[in-house]
Amino acid sequence: MIKITLKDGSVREYEKGIKVKEVVASIGSGLLKAALAAKVNGKICELNNSIHEDSTLEVLTFDNEEGRLALRHTSAHILAQAVKRLYPNVKLAIGPAIENGFYYDFDSEKAFTEADLEIIQKEMEKIIKEDYKLERFVLPREEAIKLMEEKGETYKVELIKELKEDEVISFYKQGEFLDLCAGPHVPSTGKVKAFKLLNVAGAYWRGNEKNKMLQRIYGTAFMKKSQLDEYLNMLEEAKRRDHRKLGKELDLFSIQEEGPGFPFFHPKGMILRNILEDFWRKEHKKKGYQEIKTPIILNADLWHRSGHWDHYKENMYFTKIDEQDFAVKPMNCPGGMLMYKRELHSYRDLPIRMGELGLVHRHELSGALHGLMRVRCFTQDDAHIFMMPSQIKDEIIGVIEMVDYFYNLFGFKYHVELSTRPEKSMGSDEDWEIATNALKEALELKGINYRINEGDGAFYGPKIDFHLQDCLGRTWQCGTIQLDFQMPERFDLTYIGKDGEKYRPVMIHRVIFGSIERFIAILTEHFAGAFPVWIAPVQVVIIPVSEKHYEYAKEVEQKLNDLDIRVESDLRSEKVGYKIREAQLKKVPYMLIVGDKEVEDSSVSLRDRKDGDIGTMKLEAFIERIMNEIENKVNR
RNA sequence: GCUACUGUGGCUCAGUCGGUAGAGCAGCUGAUUCGUAAUCAGCAGGUCAGGGGUUCGAGCCCCCUCAGUAGCUCCA
């Protein structure tokens, strides 16, 4: 007999060699139904595994990430099985579970269309009904290779050949279908109750653009149909928050065919931008930043010196002026270098924090463009901090705190990544190590969790990246802090130390918003276009009930306008309901309805875009309310 | 850039088998003067992304280009 300790601490005795699912069944039939996989002694295993010694057991259901992954991983196998049945010549690549579902990559002569997805979906439903057991078996390397070669699965052969010597090579078989796979899986295909194939897209084999492009089919799977429907609804809902859709509806910006990736900002979008920039200036002034502006076009020599010519050329635009080569800036730093060098600096001046809302142009691949999230010209809320090595830590921490303050203000959740030295880069290993460690140390001092993003640093230094989420949960890098020993060297920056000798300063490149464009996109999606009052392009719409109230409406408008409140009066001969509907759709925070009653006692009838009709109040009371909300930058 | 898909008035979308372009909203004009999410009527608006081809005839079929969407790659 063996003792099995459950999650709640209770201990039960079973025969040695008992299967996990038998243990689960003995706990309860409901649990057995929900069980997808298990953890025995902390190690993930399947319900079909046997237990031979005293163990702890945790049952994994759809509520556990590992349980979800098992279910979806099995779904991916079912997808592959269906595709193999329908199109036997298709070769299999890889098919993992991902955050919200699964995918499988196929090498297929035939291009899968939406219509094919339906056919494949039907075949998958059959496989699920047929309820095959997933049977695991292990083969020695040579036999595994032979098996896959026989089946013509050249991608699998490649995968096996790259597995490490000591790795177990396991396969899973379900009915006639067989796939190289490490597992774990749910016990049978019948466990997949609710799934849907979502879309097809190209994907390079092993994520390398030099390799063949395969066809990737994405899908998702849940335990219950209701969960699937809920997820699909959520996706629909998310589309309504899309900044490209809202940008059009709210008349914030547009991107015209004549300028792919070069956004036009409309008057209402400019209000947003200007508010963000004003706020930015105010906060930076508080933190001891100066502001500069450097030119957009500078000569080729500068870009050679900065290293951009060698490391960033394919992203840059070039032009000629009087036979000389110039480049449009993709970054603000070289201009900032020249600003530093224009005069001699004392150690007493450091750190110098030099900010610039700088418009940069980058040649992004056409397929990468995405609304305001990824464009070909954008304004970075840049700053370069020049300092002594002893000041590095404090300065990094100062920036981290500023990012946190900005993002919290809008209620953004973010995650942090530390990007290390890329292949294409300059400088000594030693410098890189010092810089990387400085960033790490600052993050650890602040107690911030971070992921390491190997090889994703800038060519001149490692960076801390701050990522924000869009409506669909895709993450976008916004803030970044980059520590740089290279540019000061290349540009021979110096400061005079206490002893009168010249020393080399260190420098930080950093942005908080990242790019104003991207930040506005995130902001739009986060608030679904219903911006907090302090940044709303229109804060108040005044709606007179009829023509005889126009005069009072204008009076109120004037008063609010005098207080710098962004207000409009709707003086069209439409019904109140019509004007309200329009203001609601434009997501204006406050509507003031004024009729006979309001004219009489200098009041307004207040309607909130979220809470609806609030009732009548004195104009002064409303002013107090909105001014307070603006002043305190209330999020609601 | 790559793979697949899409492109029709300002916006959202119909358009059958290839037979010569249609709706709603928005706009304009007029009427209406109204109390918390759409008042009524009339008018105007289109080189069907652009170019080429097939055809007696192309929004529809074929080719090229451009742009967009999803994903890959790349990145703020």
Side-chain angles (χ1 to χ4, degrees), chain A residues 103 105 108 111-114 116 198-218 239 242 244-245 248-249 251 254-261 312 314-315 330-331 358 360 362-382 419 456 458 463 465-468 472 474 476-480 482 509 511-519 521-522 543-550 572-585 591-598 605-609 612-616:
Chain A
Y103 68 79
D105 284 350
S108 162
F112 298 123
T113 64
E114 297 289 311
D116 295 326
L198 297 171
N199 52 327
V200 223
Y204 298 107
W205 167 236
R206 317 208 106 179
N208 186 331
E209 62 181 325
K210 299 212 169 61
N211 291 340
K212 182 165 185 184
M213 178 152 283
L214 309 172
Q215 292 193 66
R216 176 172 295 179
I217 298 180
Y218 283 91
K239 280 187 201 148
D242 191 310
R244 292 166 298 184
K245 188 173 155 62
K248 203 183 277 183
E249 285 171 7
D251 200 20
S254 61
I255 296 172
Q256 316 273 344
E257 255 192 55
E258 290 80 351
Y312 209 73
E314 62 279 17
N315 281 299
M331 296 186 193
V360 297
R362 296 183 184 177
H363 180 71
E364 295 295 336
L365 294 177
S366 59
L369 301 178
H370 182 95
L372 288 183
M373 294 284 191
R374 189 182 276 111
V375 289
R376 284 179 172 156
C377 73
F378 54 99
T379 301
Q380 292 186 305
D381 62 316
D382 218 339
S419 295
D456 212 32
K463 53 183 189 160
D465 297 330
F466 297 84
H467 294 251
L468 295 171
L472 287 171
R474 293 175 291 208
W476 298 88
Q477 185 191 311
C478 289
T480 177
Q482 312 176 343
H509 311 238
V511 288
I512 309 284
F513 291 138
S515 95
I516 309 279
E517 289 75 6
R518 180 174 286 181
F519 200 82
I522 299 271
I543 300 174
V545 174
S546 80
E547 218 164 309
K548 54 183 188 233
H549 312 115
Y550 282 11
R572 294 171 303 172
S573 67
E574 295 288 350
K575 290 192 178 175
V576 172
Y578 180 90
K579 297 181 186 177
I580 285 176
R581 178 185 154 79
E582 192 140 299
Q584 281 290 155
L585 292 174
M591 285 153 265
L592 300 181
I593 291 88
V594 295
D596 286 339
K597 264 190 305 183
E598 290 75 18
S605 174
L606 181 62
R607 185 186 165 93
D608 181 283
R609 72 177 161 208
D613 191 359
I614 303 277
T616 307

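Every chain is numbered from 1 and lettered A, B, ... according to where its sequence line falls, protein lines coming before strand lines.
Across the C1' atoms, G46(B) and A31(B) are found 30 Å apart, a figure rounded to whole Å. Separating the C1' atom of G68(B) from that of U32(B) is a span of 43 Å, rounded to the nearest Å. The gap from the C1' atom of G24(B) to that of C61(B) amounts to 31 Å, rounded to the nearest Å.
Using modelled atom types, one finds no donor on one side chain facing an acceptor on the other under 3.5 Å when comparing Arg206(A) with Tyr204(A).
If you check every strand for non-hydrogen atoms under 4.0 Å, Glu574(A) touches a base. Nucleic acid contact class of Lys597(A) (heavy atoms, under 4.0 Å, all strands): base. Here Gly595(A) lies in heavy-atom contact (under 4.0 Å) with a base.
At the phosphate of U3(B), neither OP1 nor OP2 sits under 4.0 Å from any side-chain N or O atom of Lys212(A). The side chain of Tyr578(A) contributes no N or O atom lying less than 4.0 Å from OP1 or OP2 of U32(B). Side-chain nitrogen and oxygen atoms of Lys210(A) include none within less than 4.0 Å of the OP1 or OP2 phosphate oxygen of C2(B).
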Item checked: Under 4.0 Å protein heavy-atom contacts per nucleotide of nucleotides 67-76 of chain B, with B for base, S for backbone only and - for none -> SSSSBBBBBB
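RNA chain B contains the following stems of three or more consecutive Watson-Crick or G-U pairs, with both distances under 3.5 Å: B:1-7 with B:66-72, B:10-13 with B:22-25, B:27-31 with B:39-43, B:49-53 with B:61-65.
Atom CE of Met213(A) is separated from atom CG of Asp105(A) by 10.0 Å, given to the nearest 0.5 angstrom.
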